[in-house]
Amino acid sequence: MNQHFEWRDREGPFRVLSNEQAEQYNRDGFVVLENVFDPETISELIEEIDPLEARMEEIVRDQFNGKAFIARAGEITFTPHLVMESPRAKAFTQRSFFRDIAYDLLGEDVRLYWDQAVYKKPGTLERFPWHQDNGYTFIEPQQYLTCWVALTDTDEESGCPLVMKGRHRDGTYAHTMTDLGWEIVEEAPGPVAAAPVRAGGVVVFSSLTPHKTGPNRSADHVRKTYIVQFAPEGACLRMPEGGEQLSIPCNDPERQYAILVDGETPA
Ligand SMILES: O=C(O)CCC(=O)C(=O)O
């Protein structure tokens, strides 16, 4: 489905990024911003998400025999669409940081595209495979934005993101379904960077940046992230069906609301 992709560098003036950070995003496909959210905001968010994650893990364990698609009880869980259940999570996605980074990296008219918590439990020995977010669901324009918000300190031992540098510029790669999730390749063919980040920091990357997370080899540290993704107004999900291309607008009012209209906070 990736036919004529051309990466467009983002140009300033920027609201939150420095010119160097924007240059790194354009060149490498990611940038790590530390100390974006204060400890109180993060602990309130964890308090809110933990019970929802526990409920999700119980469903995976009890109703799906411990494994549902890419989730495995006791190892890795995905809890999507928190904004539909939690006013606090919704308010979080509307914080000025997200409006500003979305302005810098997407433009003047932006919606929330997706949100999910991902918890990786100690003793998870499998990788979460190399993939692009646009490899899971093909969105057009292909170039949207992922903010990987660290709710806990995260390093290589506990499964921080690793990214393939510069490969976002190629557009969406072909992915193969594996038992662990969609995968581009098992071993990265080129330069890789680890993106450790402390609680309250954000790894900002493109929907086209190939990334993976490693095992969580820590003794007792549940690695927690809240992933918040934004797409330009007009973005559509593309799906082949019966010889045709379905095109579904990403504008569900409940969970894909506008965060920027003409560069401003919507009324
Ligand atoms: O946080 C993780 O361990 C992997 C999550 C991820 O890469 C994703 O949801 O796209």
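Counting starts at 1 for both ligands and their atoms, in listed order.
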Quiz item: Would you say Asp133 and Phe205 make side-chain contact, with heavy atoms under 4.5 Å?
Solution: yes
Quiz item: Just by distance, do the side chain of Gln256 and the backbone of Tyr113 share a donor-acceptor pair under 3.5 Å?
Solution: yes
Practice problem: Mind running side chain to side chain contact (heavy atoms under 4.5 Å, CB included) on Tyr226 and Ile49 for me, showing each step along the way? | Solution: CA-CA 9 Å; Tyr226 185 35; Ile49 297 175; 4.2 Å; yes
Practice problem: Determine, for Glu75 against Lys120, whether the closest basic-nitrogen to carboxylate-oxygen distance falls under 4.0 angstrom. | Solution: no
Practice problem: Search all heavy atoms of Ala150 against all heavy atoms of Val197 and return the closest pair with its distance. | Solution: CB-CG1, 3.7 Å
Practice problem: Specify whether Tyr136 and Phe128 have parallel, tilted or perpendicular ring planes, treating 30° as the upper limit for parallel and 60° as the lower limit for perpendicular. | Solution: parallel
Nitrogen or oxygen contacts under 3.5 Å, ligand 1 side and protein side:
unit_1: ligand 1; atom_1: 1 (O); unit_2: Trp148; atom_2: NE1; d: 3.2
unit_1: ligand 1; atom_1: 1 (O); unit_2: Arg223; atom_2: NH1; d: 3.3
unit_1: ligand 1; atom_1: 1 (O); unit_2: Arg223; atom_2: NH2; d: 2.9
unit_1: ligand 1; atom_1: 3 (O); unit_2: Thr213; atom_2: OG1; d: 2.8
unit_1: ligand 1; atom_1: 3 (O); unit_2: Arg223; atom_2: NH1; d: 2.8
unit_1: ligand 1; atom_1: 3 (O); unit_2: Arg223; atom_2: NH2; d: 3.2
unit_1: ligand 1; atom_1: 7 (O); unit_2: His131; atom_2: NE2; d: 3.4
unit_1: ligand 1; atom_1: 7 (O); unit_2: His211; atom_2: NE2; d: 3.1
unit_1: ligand 1; atom_1: 9 (O); unit_2: Gln116; atom_2: NE2; d: 3.0
unit_1: ligand 1; atom_1: 10 (O); unit_2: His131; atom_2: NE2; d: 3.0
unit_1: ligand 1; atom_1: 10 (O); unit_2: Asp133; atom_2: OD1; d: 2.9
unit_1: ligand 1; atom_1: 10 (O); unit_2: His211; atom_2: NE2; d: 3.4

